[in-house]
Amino acid sequence: NFQYMEEKNIKMALNDNKAGMEGLDRDKINKIIMESSKGSKFYENEVKREQQVNQRIDKMMLQKEQITEQHLKKAQAQVARMVVELEKRRDLTRVIVHVDMDAFYAAVEMRDCPELKDKPMAVGSMSMLSTSNYHARKYGVRAAMPGFIAKKLCPNLVIVPTNFDKYRAVSSEIREIFADYDPNFMPMSLDEAYLDFTEHLEKRQSWPDSLRTHHYRASSNPKGIAPNMMLAKVCSDKNKPNGQYRLPSTREAVMEFVCNLPVRKVSGIGKVSEKLLNALGISSCSHLGQKMALLSLLFSETAWHHFLQVSLGLGSAFIPRHEERKSMSTERTFKEMSAAEEQLSLCRELCEDLANDLKKEGLKGKTVTLKLKNVNFEVKTRALTLSYPVATADEIFAVAKDLLKTERDNESPQPLRLRLMGNQIKQFN
DNA sequence: ACGCGAAGGACCC
DNA sequence: GCCCAGGGTCCTTCGTCT
């Protein structure tokens, strides 16, 4: 079931210099990606953002210079106290499972169109791919890659348009099964969920069969099993494509597991955080623990607390109750649009779409946000909070059009050269 | 000192 | 030949208000 291999593996493979990826010529792939990107507005913006991160790093290193032994000693004591507190509350009694279906959209499309199974295929469009099957991955085609670049890597690539209704239907089938094992399971997306298996295991003592025999078995097999959510998520990334990985519920096992874990593998630590940490000589979670005092002086409280928990292999041992949504939005990307009338009518359209979605859930919100992205990929949001909640297209448009006008006036005499517009609403009652 | 709104980002799928 | 999404959550910073 190689088809179900996960995106992240390839991503890592392309970065990692690991041998044995059949037919994967990393240098060639990177060269093609580079040639397709270089000089584009997108690329220019990426460079700019990278420079901003570098400045952040410079600032951080400067701050680090100011830190004295005294500071560090004090911080170390604080960290030590905190560790004692956290250890006291460490909970190894729960069995949390993270299920992550590999290449979910692609798997559904191949089910419905078996000829695709033998071809390199991806789901998405020329501007963006959501996922790709195994054949396509051999060419370096992966999720979050624009289709036109993927086509250069693999001219025979078949791109299937996304069909969310279909994925939603399959997803709800699978969720029914999840509910049998944990009625309070937490769906994270159409293809991913956390389940608390503790009760089920106490009752049955065996791992479920129906998860295995269901016709989506390959993709709905439990993948990561651990005493908390953070670890379960990391575990689900191990032993791909088919295996599940169970981390024993002992402190020793957890600490050993976390020791060599690259920080980037942890959910919540992305590209930027990784780079910041790398600059401090931190790449694995054990480094994280070793430099905790320093981190507590350079990062916000929430940030270093999170780092500390990660370094100790701690995470939520219970699955939080499902929360209500906090915002709703629609946005669209298009070819450059500068004419005021055109922008206005698009804005109107978006408001209608948003109003429609709001109606489906019977929601009204007080804050309306207009999102704009210009042709240089610079993003702006402009918001206004009303004293009363709104829901209709007219009401939202009344706000959004003013926000848009203000931006146009702001830019004049230059026009707003847009490539994306979006509307968001939040502050529900 | 505190709350809150606004804007920008990081991150996730 | 051109061409890099869309739907969310949470966090941080800053300004103004009370």
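Each chain gets a letter, A, B and so on, in the order its sequence line appears, and its residues count up from 1.
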Would you mind telling me which of [options] lies closest to the side-chain atoms of [X]?
X       : options                   : answer
V272(A) : dA5(C), dT9(C), dA10(B)   : dA10(B)
S300(A) : dA6(B), dC11(C), dT9(C)   : dC11(C)
K233(A) : dC12(B), dC10(C), dT12(C) : dC12(B)
E331(A) : dT9(C), dG6(C), dC11(B)   : dG6(C)
T385(A) : dA6(B), dA10(B), dA7(B)   : dA6(B)
A144(A) : dG8(B), dA5(C), dA6(B)    : dA5(C)
S329(A) : dG8(B), dC13(B), dG8(C)   : dG8(C)
T330(A) : dG8(B), dG7(C), dC11(B)   : dG7(C)
Q52(A)  : dG9(B), dG6(C), dA5(C)    : dG9(B)

Within the 4.0 Å heavy-atom criterion, would you say [X] contacts the bases, only the backbone, or no part of the nucleic acid?
X       : answer
I269(A) : sugar-phosphate
E301(A) : nothing
K271(A) : sugar-phosphate
L129(A) : nothing
M328(A) : sugar-phosphate
K41(A)  : nothing
S267(A) : sugar-phosphate

Nearest whole Å is fine: how far is [N] [atom2] from [X] [atom1]?
X       : N       : atom1 : atom2 : result
E50(A)  : dA10(B) : CD    : C1'   : 16 Å
R168(A) : dC13(B) : CZ    : P     : 19 Å
M126(A) : dG1(C)  : CE    : P     : 12 Å
L190(A) : dC12(B) : CG    : P     : 18 Å
L384(A) : dC4(B)  : CG    : P     : 18 Å
L418(A) : dA5(C)  : CG    : C1'   : 17 Å
I32(A)  : dC3(C)  : CD1   : P     : 19 Å
N45(A)  : dG9(B)  : CG    : P     : 10 Å

Less than 4.0 angstrom between a side-chain N/O of [X] and OP1 or OP2 of [N], yes or no?
X       : N       : value
S327(A) : dT9(C)  : yes
K326(A) : dC10(C) : yes
T333(A) : dG6(C)  : yes
R325(A) : dC10(C) : no
Q424(A) : dG6(C)  : no
T162(A) : dA5(C)  : no

Self-check item: Same-atom distance (C1') from dC3(C) to dC12(B), integer angstrom
Solution: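 Going atom to atom, C1' in each nucleotide, I get 25 Å.
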Exercise. For nucleotides dA1(B) and dC14(C), find the distance between their C1' atoms and express it as a whole number of Å.
Key: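 My reading of the C1' atoms in dA1(B) and dC14(C) gives 16 Å.
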Quiz item: Yes or no on salt bridge (charged side-chain N to carboxylate O under 4.0 Å, His left out) for K48(A) and E44(A), after CA distance, side-chain angles and deciding distance?
Solution: CA-CA 6 Å; K48(A) 197 177 112 194; E44(A) 297 301 319; over 6 Å; no
Quiz item: Are any of the side-chain nitrogens in E85(A) or R89(A) under 4.0 Å away from the carboxylate oxygens of its partner?
Solution: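 Yes, E85(A) and R89(A) are salt-bridged.
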Exercise. State whether K373(A) and E331(A) are salt-bridged, where the test is any N-O pair (Lys NZ or Arg NE/NH1/NH2 against Asp/Glu carboxylate O) under 4.0 Å.
Key: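 Looking at K373(A) and E331(A), the cut-off is not met.
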Quiz item: If only atom types and distance count, is the side chain of D237(A) paired as donor or acceptor with the main-chain N or O of V266(A) below 3.5 Å?
Solution: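 No; zero donor-acceptor contacts below 3.5 Å.
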Exercise. Give a yes or no answer on whether the side chain of D196(A) reaches the backbone of T198(A) with a donor-acceptor pair at less than 3.5 Å.
Key: yes
Quiz item: How do R56(A) and M188(A) order along DNA chain B: which one's closest nucleotide is nearer the 5' end?
Solution: R56(A)
Quiz prompt | Residue mapping more 5' on DNA chain C - nearest nucleotide basis, F148(A) or R332(A) | solution =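 The answer here is F148(A).
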Quiz item: Pick the nucleotide of DNA chain C nearest each of S37(A) and T302(A); which residue has the one closer to the 5' end?
Solution: S37(A)
Quiz item: Hey, what's the ring geometry for Y167(A) with Y105(A), parallel, tilted or perpendicular (30° and 60° as the breaks)?
Solution: parallel
Practice problem: Quick one: sort the Y181(A) and F197(A) rings into parallel, tilted or perpendicular, breaks at 30° and 60°. | Solution: parallel
Practice problem: Check whether any side-chain heavy atom of P120(A) lies under 4.5 Å from a side-chain heavy atom of V141(A), and answer yes or no. | Solution: no
